[in-house]
Amino acid sequence: MVFTIKHNSTCKIKEHTFIYLICLFLSLIFTSSIQAQQTNLTKKFGIGSQGATPAFGGMSFRYNGLAPVYLQTVGRFILNDQDGDHMLGAGVSYAIFEHRGKWNEARLYFTLEGGWRYKTQTDIEKEITKTTTLAAGISFGGELVFSLGGIPLGLNLSIGQGIGTENDNSQSKGIAGVYVGAGIHAYF
């Protein structure tokens, strides 16, 4: 009985601490966002993370200096013992709508993008499967840029159609499908 009471009180303390930290974090976000009037949201470079289902994504670099044309590269290098997963992608976006307000920037865009992925995987029988994927697609998306503590932060979401080819040790097959992408970037 004593253990149950002690365990329950420990859980409640953890819950309250977690709730307190969330409230503190949200209050910092809201108070620092007030500085958005003083922050120039139009920056040329962005760095962050970008991903698209089912297999492409990684660290991302954006260049906004040619607006309304935007350039982006995405890459990753993962090595886990004998297994590996490497990816490199690039895209060119054209903004069809842009709004620059006092508190944020918003844009809607079309993107042409392509990617390459090389994956090695070892199964239970120690057989290594090497898979190479080449794909390209077109997507429609949007981005919202706002100030977070004086740093312009961009959130984007897109949906598109892609086609490509996947080659492994035994076969080659065509792939096609709808993909959803999302990312977050800090601009400087």
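None of the values given here were measured: they were computed from a predicted structure. Note that these values count all heavy atoms, side chains included, but never hydrogens, waters or copies made by symmetry.
- By the rule that hydrophobic residues join a cluster once side-chain heavy atoms approach within less than 4.5 Å of another member, Leu66 and Phe97 end up as members of one cluster.
- With His185 as the partner, the side chain to side chain contact (heavy atoms under 4.5 Å, CB included) test is satisfied by one option alone out of Asn156, Leu153, Ile47: Asn156.
- Side-chain contact between Tyr109 and Glu143 is present, with at least one heavy-atom pair separated by less than 4.5 Å.
- Taking 4.5 Å as the limit, every side-chain heavy atom of Lys43 sits out of range of all side-chain heavy atoms of Asn64.
- Residues Gln72 and Ser60 bring a donor and an acceptor atom of their side chains to less than 3.5 Å of each other.
- Distance check, rounded to the nearest 0.5 Å: CD1 of Ile78 to CE of Met87 gives 10.5 Å.
- Under a hydrophobic clustering in which Ile, Leu, Val, Met, Phe, Trp and Tyr are joined whenever their side-chain heavy atoms come within less than 4.5 Å, directly or via other members, Ile96 and Val69 fall into the same cluster.
- Relative ring orientation between Phe140 and Phe110 is described as tilted, the plane-to-plane angle lying within the 30° to 60° band.
- Contact annotation: the side chain of Phe146 approaches that of Leu155 to within less than 4.5 Å [non-hydrogen atoms, C-beta and beyond].
- In terms of heavy-atom proximity, Ile151 sits nearest to Ala186 at CG2-CB, 4.3 Å.
- Between Ile128 and Asn169, the closest side-chain pair of non-hydrogen atoms is not below 4.5 Å.
- Contact detail for Glu113 and Ser139: the closest heavy-atom pair is OE2-OG, 3.4 Å.
- Between Tyr63 and Phe45 the shortest side-chain heavy-atom distance falls below 4.5 Å.
- Annotation: side chain of Val92 is in contact with side chain of Leu71 (closest heavy-atom distance under 4.5 Å).
- Across every non-hydrogen atom of Ala176 and Ile163, the tightest pair is CB-CG2, 4.0 Å.
- Residues Val74 and Gly58 approach most closely at CG1-N, 3.5 Å, considering heavy atoms.
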Would Glu105 and Tyr187 count as a side-chain hydrogen bond (donor to acceptor under 3.5 Å, both in side chains) if you check the C-alpha gap in whole Å, the side-chain angles of each, and the deciding distance to 0.1 Å? CA-CA 12 Å; Glu105 276 186 22; Tyr187 289 101; over 6 Å; no
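- Counting only N and O atoms by type, the side chains of Thr122 and Asp83 include a donor and acceptor under 3.5 Å apart.
- Without hydrogens or angle criteria, Asp85 side chain to Lys119 main chain gives no donor-acceptor distance under 3.5 Å.
- We find the OG1-CD1 distance between Thr165 and Ile175 to be 7.0 Å, quoted to the nearest 0.5 Å.
- Between the CZ atom of Arg117 and the CG atom of Leu88 there is a distance of 13.5 Å, given to the nearest 0.5 Å.
- Interatomic distance, CG of Leu108 versus OG of Ser93, reported as 11.5 Å (0.5 Å rounding).
- Between Leu157 and Ala182, the shortest heavy-atom contact is CD1-CB, 4.0 Å.
- By the rule that hydrophobic residues join a cluster once side-chain heavy atoms approach within less than 4.5 Å of another member, Tyr179 and Leu134 end up as members of separate clusters.
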